[in-house]
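On a predicted model such as this, the values are computed, not experimentally measured, just so you know. For reference, positions follow the sequence shown, starting with 1.
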Amino acid sequence: MNSIVKPTEFDYNTNLKLFEDLTAKFPFIKPQVQGRTALGRGIFSLSLGNAKNSVLLAGGFHGSEWLTCLELYLFTERLCSCIAERTSLCGIDVERAFSMLGVTVIPCVNPDGVEIAVHGPSGARGLKDYVSSLNCENYRKWNANALGVDINHNFGAGWEKLRQLEQEEGITGPSPRRYGGKYAESEAETRALIRLCRLKRFRSCMALHSQGEELFWRYGENTPDNSAMMAKILADSCDYTLADNSGLYSHGGFKDWFIEEFHSPGFTMEIGKGENPLPKETLYEIYGRIEEALLLFCLM
């Protein structure tokens with residue numbers, strides 16, 4: 001595939017370079033820094049199309065799931081190339097579609113966590129000793145941010161129920177994974193995403209995670225009636241399985257919060273199959289399977 005997005009381990013330097021390269025190559029992209037992590041790393045967003053009628057795509061919630069970041073950069077590049085060259089994507093006139101619709105992409109919500117997963121405690125800069133004290137057996141499996149909080153357990157949707165479930169599992173403080181924080185929305189990464197959503201009022205959202213080849217779409221009584229139909233279309237397009245959260249994954253997630261907050265469709269797509277981190281060599285293979293689903297999501 002002829003792309004500036006290559007199958008490589010994704011760290012903050014890669015993140016920054018892709019962000020800068022894409023905005024330089026496609027001047028119609030609106031780049032922004034939506035917030036800063038505890039270590040000062042930027043949470044970047046790329047927006048295109050009609051900002052008043054837009055959806056949100058976000059990845060990199062968990063450090064070990066950095067392949068989702070590359071997938072979203074690749075999708076953004078493909079969209080922009082089709083707009084610039086006035087060519088179709090999956091049979092869709094993208095230039096025309098995005099004169100009416102828009103998308104904001106946050107490739108990496110948790111850049112500190114990704115840096116730790118790729119480079120170990122040294123990725124935590126001044127918090128290196130603190131991260132080391134959390135006794136992670138394999139830093140490539142690190143999911144939390146630099147403060148030991150799992151961002152996808154930190155949203156205020158059933159957070160108290162989730163904390164009880166965590167405690168029953170022996171998760172009572174900062175950890176490499178699955179600790180939801182001292183209170184809901186305690187983390188800078190969480191608050192940056194919430195602030196953006198409340199400002200922009202996106203039609204719908206999709207969070208990319210890995211792995212499982214599954215699509216989650218339901219949360220509580222505020223799940224919109226059209227979510228089931230949308231989920232079936234998206235899942236069918238990439239041959240993923242529709243699924244429901246359970247256990248420690250039942251509450252506190254971004255998709256859950258979005259549905260509860262806005263009563264609008266929210267989805268979590270678990271890309272690929274295997275063991276996290278998924279091999280970088282699977283980047284294009286996974287992308288080929290989910291491209292149509294990502295585009296359909298933007299159009300619905």
Side-chain angles (χ1 to χ4, degrees), residues 34-35 37 43 45 54-63 65 68 104 106 108-110 113 143-145 147-169 171-175 177-210 212 214-228 230-231 234-235 242-271 297 300:
Q34 296 299 337
T37 68
I43 302 168
S45 70
S54 192
V55 298
L56 176 67
L57 280 164
F61 287 83
H62 290 145
E65 300 177 10
T68 61
T104 291
I106 301 182
C108 188
V109 171
N110 179 17
N143 275 358
N145 67 1
L147 298 176
V149 176
D150 188 323
I151 299 304
N152 212 46
H153 281 219
N154 190 234
F155 288 88
W159 185 88
E160 292 289 350
K161 296 177 184 177
L162 179 60
R163 180 160 75 168
Q164 183 177 347
L165 291 171
E166 289 173 355
Q167 291 173 342
E168 290 171 359
E169 293 289 327
I171 304 167
T172 58
S175 170
R177 58 197 306 119
R178 301 192 302 178
Y179 171 61
K182 291 183 179 180
Y183 53 89
E185 303 172 16
S186 61
E187 303 308 295
E189 298 89 345
T190 311
R191 294 193 299 272
L193 211 49
I194 286 173
R195 184 168 56 248
L196 174 65
C197 290
R198 287 176 174 162
L199 177 66
K200 295 297 185 181
R201 298 285 170 164
F202 298 107
R203 295 196 323 272
S204 54
C205 78
M206 180 182 286
L208 262 62
H209 287 259
S210 62
E214 295 176 316
L215 189 75
F216 297 83
W217 59 278
R218 186 168 15 215
Y219 185 74
E221 62 184 21
N222 292 322
T223 304
D225 292 339
N226 62 332
S227 290
M230 292 173 67
L234 295 173
L242 293 178
D244 283 313
N245 294 110
S246 61
L248 282 174
Y249 306 100
S250 298
H251 305 284
F254 171 59
K255 174 265 293 177
D256 309 330
W257 171 83
F258 188 90
I259 292 172
E260 190 168 89
E261 174 87 3
F262 300 110
H263 302 189
S264 296
F267 306 94
T268 296
M269 177 183 281
E270 296 278 358
I271 67 165
F297 166 75
M300 284 196 281

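- Across A235 and L215, no two heavy atoms sit closer than the pair N-CD2, 4.0 Å.
- A side-chain donor-acceptor contact under 3.5 Å links R195 to the backbone of Q34.
- The aromatic rings of F61 and H209 lie parallel to each other, with less than 30° between the two planes, well short of the 60° mark.
- By the 30° and 60° cut-offs, the orientation of the rings of F297 relative to F267 is perpendicular.
- Separating the CD1 atom in I271 from the CE atom in M269 is a distance of 9.0 Å, to the nearest 0.5 Å.
- Interatomic distance, CD of E187 versus CD of E185, reported as 11.0 Å (0.5 Å rounding).
- No side-chain donor-acceptor contact under 3.5 Å links Y219 to the backbone of G266.
- With sequence neighbours excluded, the residues satisfying salt bridge (charged side-chain N to carboxylate O under 4.0 Å, His left out) with R163 are E160.
- Shown here for L248 and E169, the closest heavy-atom pair between the two residues is CD1-CG, 3.8 Å.
- Heavy-atom contacts from other residues, nucleotides or ligands closer than 6.0 Å to CD of E221 number 12 or fewer.
- Contact between P265 and N226 at its shortest, heavy atoms only, is CG-OD1, 3.9 Å.
- Using a 4.5 Å heavy-atom threshold, the side chains of W217 and L242 count as touching.
- Remark: side-chain polar atoms of K255 are paired, donor with acceptor, to backbone N or O of R218 under 3.5 angstrom.
- In terms of heavy atoms, G156 sits closest to E260 at O-OE1, 3.6 Å.
- Between F254 and W257, the two ring planes are parallel [angle under 30°; tilted spans 30° to 60°].
- Rounding to the nearest 0.5 Å gives a distance of 8.0 Å between NZ of K200 and OG of S54.
- For the pair R191 (side chain) and S186 (backbone), a donor-acceptor distance under 3.5 Å is present.
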Evaluate the criterion side chain to side chain contact (heavy atoms under 4.5 Å, CB included) for residue pair N154 and N145; output intermediate values, then yes/no. CA-CA 11 Å; N154 190 234; N145 67 1; over 6 Å; no
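- Rounding to the nearest 0.5 angstrom, the gap separating the OG1 atom in T190 from the CG atom in N152 is 9.0 Å.
- The backbone N or O of Y249 lies less than 3.5 Å from no partner atom in the side chain of D256, so there is not a single donor-acceptor pair.
- Each of V149, N143, D150 was evaluated against Y179; a single residue qualifies, V149, per the side chain to side chain contact (heavy atoms under 4.5 Å, CB included) test.
- Residues forming a ring pair (Phe, Tyr, Trp, His ring centres under 6.0 Å) with F202 (at least two apart in sequence, or on another chain): none.
- From N110, atom CG reaches atom NE2 of H62 across 8.0 Å, with rounding to the nearest 0.5 Å.
- In this structure, the side chain of R201 does not engage the main chain of F262 through any donor-acceptor pair within 3.5 Å.
- Shown here for L56 and L196, the closest heavy-atom pair between the two residues is CD1-CD2, 4.3 Å.
- Counting all heavy atoms, side chain and backbone alike, T104 lies closest to S45 at CG2-CB, 4.0 Å.
- With H153 contributing its side chain and R178 its backbone, the two residues share a donor-acceptor pair below 3.5 Å.
- By the salt bridge (charged side-chain N to carboxylate O under 4.0 Å, His left out) test, R198 is found to be paired with E261, residues two or more places apart in sequence or in another chain being considered.
- Between H251 and F155, the distance from one ring center to the other does not fall under 6.0 angstrom.
- If you take SG on C108 and CG on L208, they are separated by 12.5 Å, rounding to the nearest 0.5 Å.
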